[in-house]
Amino acid sequence: MRSLILRMFLATASGAWLLLCAGPAGAQPAQATGCETCHRNEASESLSAPARDFALADVHRDRGFTCVNCHGGDPNATDKAAAKAPATGFRGKPSGQAVIAVCSNCHSDAALMRKYAPRQRVDQAAEYATSVHGQQLAKGDTKVATCVSCHGAHGVRLVSDAQSPVYPLNVATTCTKCHGDAEHMKGYTLNGGPLPTDQGEKYAKSVHHAAMVERSDLSAPTCNDCHGNHGAAPPGVDAIANVCGTCHTVFATKFALSTHAAIFERGCVECHNNHDILEPTDAMVGTDEKALCSTCHSEGDNGHKAAMAMRAGIEKLKAAISHSEEQVAAVENAGIEMGDEALTVREAANHLTVARTELHAFDPAAVQAVLDEGLGLTTKVDEAAAAAQSELSFRRTGLAISLAAILLVVVALQLKIRTLKPHA
Amino acid sequence: MTQQLIAWLDERLDLTAIRHFVEEKSVPVHRHSVWYYMGGITLFLVGVQVATGILLLLYYRPSAGEAYESVKFIVSQVEFGWLIRNLHSWSANLLIFMAFVHLFSTLFLRSYRRPRELTWVTGVLLLFIMMGFGFSGYLLPWNELAFFATKVGTGIAGAVPFVGDFLVRFLRGGDEVTGATLTRFYGLHVAILPAMTTVVLGMHLLFIQRQGMSVPPSVEAREKAGAKTPQIPFFPHYVLHDVMWWYVALAVLAALALFLPWELGTKADAFAPVPAGIRPEWYFLAMFQVLKLLPAHILGIEGEVLGVLGFGLAALVLLFLPFLDRGAAEGRSSKLVTIGGILALAYMVVFTIYGYLAA
Amino acid sequence: MSASDRPSGPGTIQRRSFLDIVLGLGFVSTAASFLYPLWRYLNPPATVEAATNSVIAGKAAEFRPNSGAIVKFGSKPAILIRMPDGQFRAYSAICTHLDCTVQYKGDTSQIWCACHNGLYDLAGNNVSGPPPRPLDAFAVNLRGEPGQEEVVISRT
């Protein structure tokens, strides 16, 4: 009896020590503990899988952490009851708020985290509390995501590990596991209606997805770049322009100057959508049916006139550029070097791009100023092409003269043959 | 002055044989004798090709990285480079055209009949070599259209039974059209084919000089009946005529180079999508169009295989026509050859135009 | 009636010799029209090589430290930068975002694209704004007598 009490005391002490000091000093991978010895052989998948996954690849294990750091218990105990006795601090499988508590035990401890990942932030738990997930959890909703929903529990990998569920390429899949599941999302609302579950599908059509997946540009935005990760929530209506502006700075600055900045409730989203952000086209501006301006503006108002003017100006420069390109190609094909002019045409195309940017201030005069510069360049190119054409006609004259000499010889030969005596 | 020079040479080299040949050679004159000049024009264009081809070699670089740029360089930076390249391209096309005219004229006039069978055979071989020149030369600027046309063209060789796969690999210098194909085609275009041409063309010309000009069967029949065919001396009469025709060809070439500059297009990119309007050079178009139209399977055999076998058979018939049409030597002009020739001509014209309109 | 039937009077001789002169002139002038382009063609052109692999940007002395210049490399622009310490660097001047031409920004010693405010550092790396990847780098070599060096930009 005494020995049992003593053993319990020792186990409690050691367990508490482990939990409090949270981890070994040296960052050596942890050896298999007593927990794993039994759990590996459990018939039930849910009991054996954690031990297996944890042993396979886990960032915590690599740094010397073991089961007890999160679960408590006594790994040295030889029987189950002793290993999980209350005095060992055993807490079983944490869920809900307990998950946050277990993770933040270390991850919110700046002094501790400095030893392992000095650059890593330690405010995830605080951020989480501000997220929709955290707020719902606080209200007692246990369906919401906690740390383990996104990062995994056993077999946690670094964010920079391509196999991690929160690696940029995998984020959309991870989020849509819940957000794309209509059954799971039942009961949640947004602006009075049911919360949509088509964000993943819409995102898959967007330019951002194309940049991320097709061009492997990991800096392209995925879910968390606009919604935040630990503090995930839809950006507030007034924040949209700021959120987009973190990358699209020039557009945000121009847009902030425009009259629309005060009128567009949802900022950029009014024209460009939120999840299904498609490749913008010139057709979005203008007054025809396809154009977006005509949803609000109608014939006669200033916006209508401005839209018409900006679109017409852009189309004019586009036409001028393609005309100049044709001219240059025609002349080059005839054998006159037009490298400088080709560069100037590129420069004009730059102006077209700048004009499309400028357009976001919705000031026709500013757009026209840029377009005019571009048109000036194409005019120069066209002049050079015309000069080259006259050089070509000079060549033609030269060749025509030699052609005349050739024909003269032909005629003279014909006459000469007639004067020859036939064969005897 | 010229006389003195000849005398000076004669004294040292004894030009009696040549003088005799020049003095005594004569060419018959009749209503079909205009066709005699077609071979001469073709020969002249071969000369133009050799001259302009050598000039292009001075600046051309045969590698996938530089071929297109070097042709662009020739056309835009080298003085009169545009002229040389245009002449080479146009002359190549004119050459093939004249070779066909020459072929059909000798076919319809039965000039291949005994004893000129070998002249015909070497002539047909020369036509095949010229088509090889055209096919290999088309790729050398390494532009998009030529790249994909070569891909399709060499792919057709894959339809040859048994050795098809080997042939494709052999032609391309690998499994795909790459820089290796370009180097291979370049070697073919500037070394192998010219060497073959030198030999076969030499034989062709030698045979003609040994045998003299053939007269059509109708004229021959009249001669047998006792009529005398008027002759003109080879020198200077016929030579002057020849020179005149060469000048006419030159005028046509200059005018084409002047008014219809040859396109260079955009640089080949193996990973670009296949551009619209891919087609081979016009002299392959009739064949290409038939292969495209053939159904996937005819009587259980792949359509393309059958097509390739058909063209192979046609080539053999063409090559050995003098030995198949034995009656021609006895003055019996076979209706079959005439009808076959007309059909072949009609097929080429119709399908070439059709190929253009369809592309 | 053929020429031989006619008595060869003085008129015929004159016509013949006139014809010979015309013919001679024709041959000479056509020969000249073949030989002239031939001669010009054989003369090495001003730029001796297709600008596929390298291009001469100019004399080194023409470029001030902490400045940049756009140089034509084939049919595309390249940017030649003389860094504040006098070293040269060259990159493709085509912004990796939307193909605009980039420029050198002397005040921050960065490469800047005016279209969408993309910034690259002097190693060509994209450091801010929309550019998804670094600028393609070219090699820069100096060639010639000291003080008279030419700057040669070439593909690496």
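Just so we're clear, the structure is a prediction, and the values are computed from it rather than from any experiment. Just so it is clear: chains get the letters A, B, ... in the order the sequence lines come, proteins before strands, and each one is counted from 1.
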Practice task
Among the options B:Leu83, B:Val29, B:Val75, pick out the one with the most heavy-atom pairs lying under 4.5 Å from chain A.
Solution key: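 Of the options given, most contacts go to B:Val75.
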Handout entry: B:His189 ring center within less than 6.0 Å of B:Tyr60 ring center
Key =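 No, they do not, as the ring centres are separated by 6.0 Å or more.
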Problem - Ring centre gap for B:Phe135 and B:Phe185 strictly below 6.0 Å - result: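 Yes, the ring of B:Phe135 comes within the 6.0 Å limit of the ring of B:Phe185, centre to centre.
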Handout entry: Sole residue of A:Asp276, A:Ile277, A:Leu278 in side-chain contact (heavy atoms from CB on, under 4.5 Å) with A:Lys202
Key =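 Of the listed residues A:Asp276, A:Ile277, A:Leu278, the side-chain contact (heavy atoms from CB on, under 4.5 Å) partner of A:Lys202 is A:Asp276.
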With a 4.5 angstrom heavy-atom cut-off, which part of [X] approaches chain A: side chain, backbone, both or neither?
{"X": "B:Ile74", "answer": "neither"}
{"X": "B:Val78", "answer": "neither"}
{"X": "B:Trp246", "answer": "neither"}

Handout entry: Of A:His209, A:His208, A:His275, the residue whose pairing with A:Tyr203 passes ring pair (Phe, Tyr, Trp, His ring centres under 6.0 Å)
Key =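 Only one of A:His209, A:His208, A:His275 forms a ring pair (Phe, Tyr, Trp, His ring centres under 6.0 Å) with A:Tyr203, namely A:His209.
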Handout entry: Candidate list B:His102, B:His241, B:His30, test ring pair (Phe, Tyr, Trp, His ring centres under 6.0 Å), partner B:Tyr36, passing option
Key =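 Result for ring pair (Phe, Tyr, Trp, His ring centres under 6.0 Å) with B:Tyr36: B:His30.
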Handout entry: Option in A:Met338, A:Glu332, A:Arg395, A:Arg396 with maximal non-hydrogen atom pairs under 4.5 Å from chain B
Key =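 Looking at each option in turn, the highest pair count goes to A:Arg395.
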